[in-house]
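Data first, discussion second: the structure below is written as structure tokens.
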Amino acid sequence: LAQQLLVRAIVAMFWDAPYKETLVHWRSAIHDRFMLPHYLEEDFARVLRDLRQFGFHFDAEWFAPHIEFRFPPIGSVAYDQIAVELRQAIEPWYVLGEEPAGGGTARYVDSSVERLQVKVQGLFDDRYTLCCNRTAIPLRPTDEPGEWVAGVRYRAWQPPSCLHPTIPVHTPLVFDLVDTSAGRSIGGCRYHIDHPGGLNPGVYPINALEAESRRAGRFFPFGHTAGAFQVQRIATHPDAPCTLDLRRAP
């Protein structure tokens, strides 16, 4: 009902006041920033603000269940008053070209790449850096002091038909909060794309509660990289400055 009301309000607003401003060409930001729930929430808040100015009083809390369902939380940890939250993000999947299969042709969907959002709160200086699989994450500041956000793109599994078939699987993802002055991790967490004990279920979850419990079973608020290690850094790609693509990692 909230979604239907939103669509009707937008149609009514543009019916009386058509949008005549110059459209924004977002270019590669569509597949970079706007894949992350943080920036999508900000953009959606602007939409609701325009509707309120026109006379339709929408509350952002009405759509909180939609955001939580589409971008479920994976887990969070806190070390030295610095909080790190992992949340599912959007990853477009490519449709591959035709290839023979079973006496006909098929076009596979490359669903092997996934993306998650990393949000850090309480980070006020450059003493600490956040890494994923020993690679520095290109955190971007938000409007809140001490808050940073970025995306991590990774290969979750390696099917026979996919783009870049020689790139291996990157999971489990090991996140480390690195003290650069000491050259070691002060803590972190791990995220597995499948059950770490190999007990993967053969059926879909019955409801959202079961899906949440499955995600919780794949997240560990410990397991950081022990000892001193050298942080790897990848040059920020101009088309994706907000995303660490582990497929480009050395």
Side-chain angles (χ1 to χ4, degrees), residues 1-76 83-95 109-111 113-122 138-153 204-216 219 238-245:
L1 292 178
Q3 292 177 349
Q4 295 177 9
L5 185 62
L6 175 67
V7 172
R8 293 185 64 178
I10 293 176
V11 172
M13 181 180 68
F14 286 136
W15 186 273
D16 290 340
Y19 190 81
K20 299 181 179 180
E21 303 296 331
T22 303
L23 298 178
V24 177
H25 197 317
W26 292 105
R27 296 181 172 85
S28 61
I30 294 294
H31 291 86
D32 182 39
R33 269 197 303 155
F34 294 110
M35 296 288 102
L36 306 179
H38 173 80
Y39 295 104
L40 287 177
E41 281 191 77
E42 285 188 342
D43 187 66
F44 186 63
R46 297 188 186 98
V47 174
L48 298 183
R49 180 191 60 193
D50 293 342
L51 289 173
R52 285 193 295 267
Q53 292 177 351
F54 196 78
F56 297 106
H57 298 283
F58 281 87
D59 193 340
E61 294 183 357
W62 298 353
F63 303 94
H66 301 80
I67 296 175
E68 288 295 313
F69 179 80
R70 185 59 186 86
F71 307 105
I74 296 174
S76 60
V84 179
E85 181 202 50
L86 306 182
R87 189 176 288 269
Q88 191 72 37
I90 298 176
E91 177 59 37
W93 288 341
Y94 295 97
V95 179
V109 176
D110 184 8
S111 59
V113 179
E114 296 187 6
R115 188 182 317 216
L116 56 81
Q117 174 187 271
V118 180
K119 179 175 286 188
V120 182
Q121 294 177 321
L139 297 172
R140 311 288 291 186
T142 67
D143 295 337
E144 296 292 332
E147 185 179 75
W148 306 74
V149 68
V152 176
R153 198 179 187 196
Y204 291 108
I206 298 176
N207 49 32
L209 182 60
E210 183 180 355
E212 182 180 357
S213 64
R214 291 185 184 182
R215 287 193 303 271
F219 175 79
D239 292 337
C242 299
T243 304
L244 168 64
D245 195 340

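A quick note: this is a predicted structure, and the numbers were derived from the prediction, not measured. Nothing fancy with the numbering, it's 1 onward along the sequence.
Two residues are said to be in side-chain contact when any heavy atoms from C-beta on lie closer than 4.5 Å; Met13 and Leu51 meet this criterion. In this structure, Thr142 and Trp148 have side chains that are not in contact, with every pair of non-hydrogen atoms separated by 4.5 Å or more. Side-chain contact check for Leu48 versus Leu6: some heavy-atom pair is nearer than 4.5 Å. At a threshold of 4.5 Å between non-hydrogen side-chain atoms, the residues Phe56 and Leu5 do not count as touching. Inter-residue side-chain proximity for Glu42 and Asp143 is flagged as met; some heavy-atom pair is nearer than 4.5 Å. Within the 4.5 Å cutoff, side-chain heavy atoms of Arg70 are placed close to those of Ile90. Counting heavy atoms from C-beta outward, Pro92 and Arg115 have side chains that approach closer than 4.5 Å. Taking 4.5 Å as the limit, every side-chain heavy atom of Pro141 sits out of range of all side-chain heavy atoms of Glu147.
The side chain to side chain contact (heavy atoms under 4.5 Å, CB included) test with His38 singles out one residue from Gln117, Arg140, Arg33, and that residue is Gln117.
In summary, the aromatic rings of Phe69 and His66 are positioned with their centroids too far apart to meet the 6.0 Å limit.
Nearest heavy-atom pair across Pro138 and Leu244 is CD-CB, 3.6 Å.
Rounded to the nearest 0.5 Å, atoms CZ (Arg49) and CZ (Arg46) are 6.5 Å apart. Note that OH of Tyr94 is 14.0 Å distant from OG of Ser111, once rounded to the nearest 0.5 Å.
Here the side chain of Glu212 pairs no donor or acceptor atom with the backbone of Ala208 at under 3.5 angstrom.
Remark: Arg87 engages Glu85 in a salt bridge, criterion side-chain N to carboxylate O under 4.0 Å.
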